[in-house]
Amino acid sequence: MPIRRQISDIICETIGESAAPGRAQLDEVAAVDYARDPAYGDLTTPVAMRLAKQTRQKPREIAERIAQAIRDAGERLGGAVRRVDVADPGFINIFLARGYWLRLINQVIANGPRYGRSDVGKRRKVQLEFASANPTGPLSVAHGRQAALGDVLANIMKFIGFDVSTEYWVNDCGGQIDKLGESVYARYLRALGEKSAAVPPDGYHGDYVAEIGHDLAVKEGRRYANMPPQDAVDELGRLASERILQEILSDFEQFGIQYDNVFSQRKFEAEGHVGQLLQRMQRMGLTYEQDGAVWLKTKEQGDAKDRVLVKGDGAWAYRLSDVAYHEDKFMRRFERVVNLLGPDHHGHIRTMQAAMSALGHDVSAVRFLVVQHCTIIRGGRKVKMSTRSGKMVTLDEVIKEVGADVARFFFLIRKTDSHLDFDLELAKKQSLDNPVYYIQYAHARIASILRKAQESARLDPADLTRGVYTGGSKDDLEALEDRDIALAAKLGRFGAVLEKAGLELEPHRLTNYLQELAAEFHNYYTQCTVVGPDERLTRARLRLVSAVRVVVSSALHLLGVHIPEVM
RNA sequence: GCGCCGGUAGCUCAGUCGGACAGAGCAUCGGAUUUCUAAUCCGAGGGGCGGGGGUUCGAAUCCCUCCCGGCGUGCCA
C-alpha cells in the first residue's frame with residue numbers, strides 16, 4: 001500500500017468514523033497529498049482544518065492529536081516517517097525518512113516495468129469509445145486528439161487495474177454515406193467524361209472523393225454508369241466508405257493506435273438490433289407518433305426536448321442506432337463506459353443519457369468526455385478547417401510533418417476541457433522549446449551514462465538487466481546524498497499521478513509529471529556526477545538513475561512515445 | 001434566448017474534492033562547457049487569477065450576477 005494511504009488510514013482510525021457519513025467520505029477528508037514545497041515536508045494534509053469545521057474544535061489541537069498518532073505508528077509504518085510537524089493554522093506536515101526513499105529506489109529497480117501499477121481498477125470492465133470518425137473522409141487533427149487521449153487513457157487504466165476494451169463505432173450507413181455515394185458518383189461520372197455531373201453542394205468536395213471516383217472509372221469502366229442511378233449511389237457509398245475506413249484504420253495504426261473492436265453500424269442494423277430496440281421502446285410506451293414521425297420521450301428524462309427516432313420518410317434517424325449502440329454496451333456487461341467526443345456533439349449527450357435512463361440503465365456508469373477543439377497554428381496563424389468542403393488539416397499531414405511522437409504528446413499535454421493550440425512550427429523544433437525531446441533526452445542521457453560506465457569498465461554488462469543497473473548491493477544506496485534523495489522523491493509520486501489520471505480521465509497529469517521529472521533529472525545531472533571517483537557512490541547513483549530510467553520509460557510507454565537510447 | 005466549455009504573466013497553459021507566499025514552458029535580459037551528450041543547467045524582470053457581489057478561519061478554486069471567446073440548440077451525423 002502506498003505510504004499516502006497508510007498514513008491516511010491511521011488518520012481515519014484516529015478521528016473515527018463519526019467524522020464523516022461513510023467510508024468513502026472519510027477517505028476523502030483524511031486524504032494525504034504530496035507537499036508542493038519541501039518546507040512542508042514530503043506529505044501534507046489539511047484534514048485538521050476540515051474537521052475543525054464539523055467538530056468545532058481548534059484545528060491546531062486536532063492536528064496535534066493526529067500528528068502524535070502518526071508518530072506513535074512509527075513501527076507500523078516501517079520507520080518511513082522521520083518527523084511530523086504541525087503548522088498554522090493546522091497543517092500536518094510529514095517528513096519521510098531517508099531509509100524510506102532508499103527502499104523506494106530498490107523497489108523501482110526490483111519491479112521494473114511493473115513499478116507504478118496498482119489494482120484500484122479492481123478488474124472492472126471498462127469500455128472506451130473514442131475518435132469514432134465517420135468514414136466519409138480522412139481523419140482530422142480533432143480526431144487525432146481524441147484518438148491519442150483515448151489510447152493513452154486505455155493504457156493508463158489498464159496499468160491501474162481496469163479491464164479495458166477500446167472501440168471505434170463506425171457510422172457506415174445513413175444520410176452521410178448517401179451523400180458520400182452521391183459525391184463519388186458525380187466524380188466517377190466526370191472521370192468517365194460526363195461533364196455535367198456535379199457533386200451536390202452539401203456533398204463531399206475533398207480531393208480524395210475525386211480520387212476514388214477516378215479509380216473506379218479506371219477499374220470498373222461504365223459498370224456503375226449503366227446501373228439505375230440510385231443503385232449506383234448506394235453501391236458507391238458502401239464501397240467508398242469501406243475504402244475510407246481502411247485508410248482511417250491504417251492512419252490510426254501509423255499513429256500507434258489499434259482498436260480492440262471496430263463496431264459497424266451497418267452490420268449492427270442488419271443484425272436487427274436497432275429494429276428490435278425500436279419495437280421495445282414502443283412497447284414500453286417511451287415513444288409517440290406526431291407529424292408522421294416517431295419521437296422518443298427524452299424531455300421527461302431531462303433532455304431539452306423530445307427527439308425524432310424515425311423520420312417522416314420512414315428512415316431511421318442516426319439517433320436511433322446510437323441509442324441501440326449505447327444500450328448494447330450495457331448488454332455486453334461493461335461496468336463503466338467512457339465515450340470521448342468532440343464539442344460539436346455535446347448536445348447529443350443529454351439525449352443519450354435521457355434515453356439510457358428511460359430504458360432503465362444506470363446513467364452514472366456512462367461518462368461522456370468532451371474533447372475541446374484543436375486549432376492548428378501555422379506561421380503564427382490559425383488554420384481554418386471544414387470537413388465538407390475538404391479544407392482541413394488531416395492527422396496524416398500532421399504526423400508526416402512533426403512525427404507521431406510529437407503529435408501524440410502535443411495532443412495530450414492539455415486537459416480535455418481546454419482548447420488546444422497546436423503550433424506546427426513549435427512542434428517541429430528539435431530544441432528546448434519542445435517538451436517531447438526534453439523528456440526523451442532525459443532518457444537518452446541516462447542510457448548514455450550507463451554506456452559510458454561500461455566503456456570505462458566501471459559497470460559490468462552482466463549487472464545490466466534490461467537497461468537497468470542491478471549490480472552492487474542494496475546497501476550501496478547508503479552512500480547517497482541529499483540531492484540524490486530529492487530526485488528519488490520525485491519517483492514516489494508516479495503511482496499517485498497514474499491513479500489520478502486514470503480515475504479522473506485526465507492524461508495530461510502524466511505529461512505534466514513527466515516534464516517535472518525530466519526537469520528534476522536534468523538539473524540533477526548538472527549537479528551530480530554519477531560515475532565518479534567513489535566506487536560505492538557510483539554504484540548507488542547508477543541504481544538511482546536506473547530507477548529514474550524505469551519511470552521515464554514506463555511513462556513514455558504509456559504515452560505511446562518512443563524511448564530513445566541515443567539522441 | 002437557452003445549454004456546454006473556456007477567460008490565470010507579452011504568448012501557450014498547469015494549479016491535487018477551497019488550504020500555507022499564485023506556478024511552468026516559450027519570449028525578454030544576464031550567466032554556466034578542461035568533468036557521464038549544452039536537444040542541458042542557473043539567475044532576473046513580469047500577473048494577483050475577465051468585472052462586481054457573496055459564503056468561509058481561508059477562494060484562482062464554491063454561490064449569484066454581468067462581460068468576452070468557442071461550440072451546440074436539425075425529421076444531418
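Heavy atoms only: backbone and side chains are in, while hydrogens, waters and symmetry mates are out. Letters A, B, ... are given to chains in the order of the sequence lines, protein chains preceding strands, and every chain is numbered from 1.
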base_contact_polar ([N] base, [X] side chain, donor-acceptor, <3.5 Å):
X: A:D37; N: B:rC21; result: yes
X: A:D172; N: B:rA77; result: no
X: A:R36; N: B:rU16; result: yes
X: A:H348; N: B:rG72; result: no

Which base sits across from [N] as a Watson-Crick or G-U pair, both distances under 3.5 Å?
N: B:rU12; value: B:rA24
N: B:rA59; value: none
N: B:rG18; value: none
N: B:rC41; value: B:rG31
N: B:rG6; value: B:rC68
N: B:rG46; value: none
N: B:rC36; value: none

As a test of reading the structure: which of B:rA77, B:rG3, B:rC21 is closest to the side chain of A:R350, going by heavy atoms? B:rG3

[atom1] of [X] versus [atom2] of [N]: gap in Å, rounded?
X: A:E425; N: B:rA27; atom1: CD; atom2: P; answer: 14 Å
X: A:I439; N: B:rG25; atom1: CD1; atom2: P; answer: 13 Å
X: A:R509; N: B:rU16; atom1: CZ; atom2: P; answer: 7 Å
X: A:H346; N: B:rC2; atom1: NE2; atom2: P; answer: 15 Å
X: A:D33; N: B:rA20; atom1: CG; atom2: C1'; answer: 13 Å
X: A:D88; N: B:rG58; atom1: CG; atom2: C1'; answer: 13 Å

Any side-chain N or O of [X] less than 4.0 Å from the OP1 or OP2 oxygen of [N]?
X: A:K452; N: B:rU37; answer: yes
X: A:Y318; N: B:rA77; answer: no
X: A:Y525; N: B:rA32; answer: no
X: A:R445; N: B:rA38; answer: yes

Salt bridge (charged side-chain N to carboxylate O under 4.0 Å, His left out) partners of [X], counting only residues at least two apart:
X: A:E425; result: none
X: A:D88; result: A:R60
X: A:R451; result: none
X: A:R543; result: none

Got more than 12 heavy atoms from elsewhere within 6.0 Å of CG, A:D482? no

Taking side chain to side chain contact (heavy atoms under 4.5 Å, CB included) as the test, write out the residues that go with A:A324, two or more places apart. A:F268, A:V274, A:L277

Under 5.5 Å and under 30°: A:F91 stacked on B:rG19: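 The base of B:rG19 is not stacked with A:F91 (the test needs centres under 5.5 Å and planes under 30°).
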
Distances for protein N or O near nucleotides 8-14 of chain B N or O, under 3.5 Å:
| unit_1 | atom_1 | unit_2 | atom_2 | d |
| --- | --- | --- | --- | --- |
| B:rU12 | O2' | A:R414 | NH2 | 3.4 |
| B:rC13 | OP1 | A:H419 | O | 3.2 |
| B:rC13 | O2' | A:R414 | NE | 3.4 |
| B:rC13 | O2' | A:R414 | NH1 | 2.2 |
| B:rA14 | OP1 | A:K415 | N | 3.2 |
| B:rA14 | OP1 | A:S418 | OG | 2.8 |
| B:rA14 | OP2 | A:S418 | OG | 3.4 |
| B:rA14 | O2' | A:N512 | ND2 | 2.8 |

Could you give all pairs that pass the side-chain hydrogen bond (donor to acceptor under 3.5 Å, both in side chains) test and reach residues 30-45 of chain A, with sequence neighbours left out? A:T44-A:N93

Which pairs with one or both residues in residues 508-517 of chain A pass side-chain hydrogen bond (donor to acceptor under 3.5 Å, both in side chains), sequence neighbours excluded?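 For residues 508-517 of chain A, and leaving out neighbouring residues, the side-chain hydrogen bond (donor to acceptor under 3.5 Å, both in side chains) pairs sorted by first residue read A:K490-A:E516, A:E506-A:R509.
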
Grab the N/O contacts between the protein and nucleotides 73-75 of chain B below 3.5 Å, and write none if there aren't any.
| unit_1 | atom_1 | unit_2 | atom_2 | d |
| --- | --- | --- | --- | --- |
| B:rC75 | O2 | A:G312 | N | 2.5 |
| B:rC75 | N4 | A:D291 | O | 3.0 |

Can A:R83 be said to sit on top of A:F95's aromatic six-ring, NZ or CZ under 6.0 Å from centre and within 45° of the ring axis?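 Yes.
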
Can you list the residues that meet the side-chain hydrogen bond (donor to acceptor under 3.5 Å, both in side chains) rule with A:Q301, with sequence neighbours excluded?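 side-chain hydrogen bond (donor to acceptor under 3.5 Å, both in side chains) list for A:Q301, sorted by chain: A:S357.
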
Using side-chain hydrogen bond (donor to acceptor under 3.5 Å, both in side chains) as the criterion, list what pairs up with A:H522, not counting sequence neighbours. A:R445

Just by distance, with hydrogens left out, do A:T416 and A:Q372 show a side-chain donor and acceptor under 3.5 Å apart?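 Side-chain D/A pair, A:T416 to A:Q372: absent.
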
What one-letter contact string describes nucleotides 42-49 of chain B from 5' to 3', where B marks a base within less than 4.0 Å of any protein heavy atom, S marks contact via sugar-phosphate atoms alone, and - marks no contact? S-------

Just call it for A:V566: base, sugar-phosphate, or nothing, with non-hydrogen atoms closer than 4.0 Å on any strand. base

Contact class for A:A444 vs. all strands (heavy atom < 4.0 Å): base, sugar-phosphate, or nothing? base

Taking B:rG3 as the reference, what is the distance to B:rU65 when you measure between their P atoms (whole Å, please)? 10 Å

Does the distance from a Lys or Arg side-chain N to an Asp or Glu carboxylate O, for A:R493 and A:E499, drop under 4.0 Å? no

Salt-bridge present (A:R307, A:D303; N to O < 4.0 Å): yes

